[in-house]
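Please read these numbers as outputs of a predicted model, since none were measured by experiment.
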Amino acid sequence: DETSAIPAKTPRCYNPSKIGRLKARTAQRKRDAYMQITPTGGALGADVTELDLREPPSPDTQAKLRNAFCAHALLRIRNQQLTRDELVRFSGTFGEPVVHPTNRRDRDPQNPLITIISNIEEHGNPLGALGNADLNFHADLVFLHTPGSVSILYCVECPATGGDTY
């Protein structure tokens, strides 16, 4: 008997880290496909839904968020549970985060890029900036040579009712 030999294909070796990155990008694209941006119907603002900011947004999603911000001036992204690092990473979607140059007292001790804003007092001392006092209109960091362009507010605790701002 003659045996015919079928040449074996040379096995293709895959880099596991590249496979992991490819799977992550594919999963991100699927997540990004569900994101919705809906105008609030008010004078400004849009609600962003179906976006989990614990994962880094893809470049396409970042571009959509920047465009939505330019169109609506305010984006509301609810139901997020972010670490400090995730919050700072997301803020990079809109530009390079900077440490507030004058407010040293209210910087987050774990991440100085975050300024704590709170109306809570502990032992008569405020836990963050602004407190319960009325705040006249202002724009953050306008005194800098290159003023800030975006401020990210992350609500940790919110009342069930009320909490309106004017």
Side-chain angles (χ1 to χ4, degrees), residues 17-18 20-40 42 44-122 125-133 135-159 163-165:
S17 66
K18 285 185 180 179
R21 286 193 305 262
L22 179 61
K23 286 181 180 179
R25 280 195 306 264
T26 302
Q28 182 66 50
R29 283 190 195 109
K30 288 179 182 176
R31 285 191 302 271
D32 292 351
Y34 295 108
M35 182 182 75
Q36 298 291 317
I37 299 171
T38 309
T40 62
L44 56 92
D47 285 311
V48 179
T49 56
E50 304 300 327
L51 180 63
D52 183 356
L53 295 177
R54 293 174 296 179
E55 298 295 326
S58 69
D60 184 52
T61 295
Q62 290 182 12
K64 288 177 184 175
L65 290 167
R66 285 189 297 272
N67 289 338
F69 179 75
C70 288
H72 303 286
L74 178 129
L75 299 178
R76 186 169 50 186
I77 309 170
R78 297 179 179 189
N79 303 318
Q80 302 294 316
Q81 298 295 318
L82 304 178
T83 66
R84 289 169 174 83
D85 290 339
E86 290 164 345
L87 177 63
V88 170
R89 182 189 62 222
F90 171 68
S91 71
T93 296
F94 301 96
E96 186 67 32
V98 296
V99 173
H100 196 290
T102 61
N103 189 341
R104 288 178 172 79
R105 183 193 72 168
D106 301 308
R107 288 183 187 160
D108 185 293
Q110 295 178 28
N111 192 324
L113 289 167
I114 297 172
T115 299
I116 298 170
I117 297 173
S118 176
N119 61 356
I120 297 172
E121 290 186 2
E122 193 172 83
N125 296 315
L127 293 182
L130 305 181
N132 274 328
L135 180 65
N136 294 326
F137 174 81
H138 75 285
D140 290 340
L141 306 178
V142 294
F143 54 86
L144 295 177
H145 179 69
T146 305
S149 56
V150 175
S151 292
I152 307 286
L153 298 177
Y154 177 68
C155 182
V156 176
E157 186 176 331
C158 185
D164 296 335
T165 60

Residue pairs fulfilling salt bridge (charged side-chain N to carboxylate O under 4.0 Å, His left out) with at least one residue in residues 74-92, sequence neighbours excluded: Asp47-Arg76, Arg84-Asp108

For Leu144, side-chain contact (heavy atoms from CB on, under 4.5 Å) partners two or more places apart: Pro101, Leu141

Audit row: Val48, Leu65, side chain to side chain contact (heavy atoms under 4.5 Å, CB included) steps and yes/no: CA-CA 9 Å; Val48 179; Leu65 290 167; 4.1 Å; yes

[atom1]-[atom2] distance between [X] and [Y], expressed to the nearest 0.5 angstrom:
X      : Y      : atom1 : atom2 : result
Ser91  : Leu53  : OG    : CG    : 11.0 Å
Phe69  : Ser149 : CZ    : OG    : 7.0 Å
Ile117 : Leu127 : CD1   : CG    : 13.0 Å
Ile37  : Thr49  : CD1   : OG1   : 9.0 Å

Kindly give the heavy-atom pair with the smallest separation between [X] and [Y], and that separation in Å.
X      : Y      : value
Arg105 : Pro126 : NH1-CG, 3.9 Å
Arg66  : Thr93  : NH1-O, 2.9 Å
Pro112 : Val99  : O-CG1, 3.7 Å

Step-by-step side chain to side chain contact (heavy atoms under 4.5 Å, CB included) determination, Leu113 to Leu87: CA-CA 10 Å; Leu113 289 167; Leu87 177 63; over 6 Å; no

Contact check, side chains of Leu44 and His72, non-hydrogen atoms, under 4.5 Å: no

Keeping [X] on the side-chain end and [Y] on the backbone end, is there a donor-acceptor pair under 3.5 Å?
X      : Y      : answer
Tyr154 : Leu82  : yes
Arg107 : His100 : yes
Gln80  : Leu51  : yes
Gln62  : Pro57  : yes

Criterion side chain to side chain contact (heavy atoms under 4.5 Å, CB included) on Tyr34 and Asp52, from CA distance to verdict: CA-CA 10 Å; Tyr34 295 108; Asp52 183 356; over 6 Å; no

